[in-house]
Amino acid sequence: MSTLNIVTYPDKFLRLSAAPVKDIAGTIQKMIEDMAYTMYESKGVGLAAIQVGFDKSLIVYDVSQGEGKRSIQVLINPKIIESHGRITSEKEGCLSVPDLRADVKRAESVLVEGFNRDGNPRRIDAEGHLAIVLQHEIDHLNGILFIDHLSVLKKELYKRHIKKKIRGK
Ligand code: NI
């Protein structure tokens, strides 16, 4: 397994829409292993393929972290079928959006459909933290970052911060 390079804002690659996965053999299985490894190494709770420079509809996540044992979850071609309610996700962050944590308005519960790594259909009725993680990762597959849900002012301040940081290098 190897650590993959994480693409960070403002890289335009993060704005691509991921293409559906059509073949779950070979490349995809290796990518799942490497994405999981990279996610744990970076102490993330979720990672979308687009974040590691692979524009396919694939996410990995693990919301069990901190409870001792790891439980990696894989979703291929995930889609949000239904969403209900509103909650604020507190101090949401993203491995592709360094130096920022912010509160984001999200749906309270979502019904997600996709496929597992063996190609079998999965249907997940998620609420709370899991619902937030799924919305965040599925957003990535549509070229959306959590900063897109913030106010224009907050987003502008973050843009400036990153510009400054890049200039300072
Ligand atoms: Ni993210």
Side-chain angles (χ1 to χ4, degrees), residues 1-21 28 31-66 70-80 83 86-110 112-114 117 122 124 126-152 154-163 165-166:
M1 274 175 278
S2 43
T3 310
L4 303 165
N5 224 353
I6 294 177
V7 180
T8 58
Y9 179 87
D11 195 311
K12 291 209 160 48
F13 195 85
L14 294 168
R15 297 310 191 176
L16 294 179
S17 284
V21 172
I28 291 289
M31 184 53 75
I32 290 167
E33 295 299 325
D34 288 345
M35 279 172 64
Y37 187 75
T38 304
M39 183 187 82
Y40 288 125
E41 285 266 290
S42 321
K43 298 190 171 25
V45 291
L47 191 65
I50 203 104
Q51 292 180 270
V52 290
F54 186 63
D55 59 344
K56 290 284 186 293
S57 186
L58 165 67
I59 64 172
V60 297
Y61 61 95
D62 184 352
V63 293
S64 75
Q65 286 189 80
R70 289 173 171 180
S71 170
I72 190 72
Q73 303 294 314
V74 176
L75 267 184
I76 295 169
N77 300 343
K79 291 254 169 347
I80 294 174
S83 55
R86 296 298 278 173
I87 44 166
T88 300
S89 124
E90 286 171 22
K91 298 199 171 69
E92 196 167 315
C94 177
L95 296 172
S96 293
V97 182
D99 309 336
L100 184 71
R101 291 212 164 249
D103 294 355
V104 181
K105 296 245 185 316
R106 296 280 186 192
E108 191 176 15
S109 65
V110 286
V112 173
E113 285 183 356
R117 63 185 302 176
R122 280 192 74 184
I124 303 163
E127 53 177 34
H129 187 218
L130 177 59
I132 289 164
V133 170
L134 289 173
Q135 288 170 80
H136 180 117
E137 299 311 328
I138 293 170
D139 265 359
H140 274 301
L141 301 178
N142 296 306
I144 298 166
L145 299 171
F146 84 97
I147 48 172
D148 301 332
H149 297 292
L150 304 180
S151 69
V152 174
K154 274 189 193 153
K155 199 172 161 180
E156 200 50 48
L157 286 171
Y158 180 70
K159 255 188 214 170
R160 273 190 227 168
H161 164 79
I162 290 298
K163 267 189 197 161
K165 195 174 160 182
I166 291 168

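In each ligand, atom 1 is the first atom listed, and ligand 1 is the first ligand listed.
- Counted by atom type alone, Glu92 and Ser89 present one or more donor-acceptor pairs between their side chains at under 3.5 Å.
- Judged purely by distance below 3.5 Å, without hydrogens or angles, the side chains of Tyr40 and Asp62 pair a donor atom with an acceptor atom.
- Remark: Asp139 engages Arg106 in a salt bridge, criterion side-chain N to carboxylate O under 4.0 Å.
- Closer than 2.8 Å to the Ni ion (ligand 1) sit the protein N, O or S atoms Cys94 SG, His136 NE2, His140 NE2.
- The minimum heavy-atom distance linking Met31 with Leu4 is given by the pair SD-CD1, 3.9 Å.
- Salt bridge present: Lys155 and Asp148 bring a charged side-chain N and a carboxylate O closer than 4.0 Å.
- Here the closest non-hydrogen pair linking Ile80 and Ser83 is CG2-CB, 4.4 Å.
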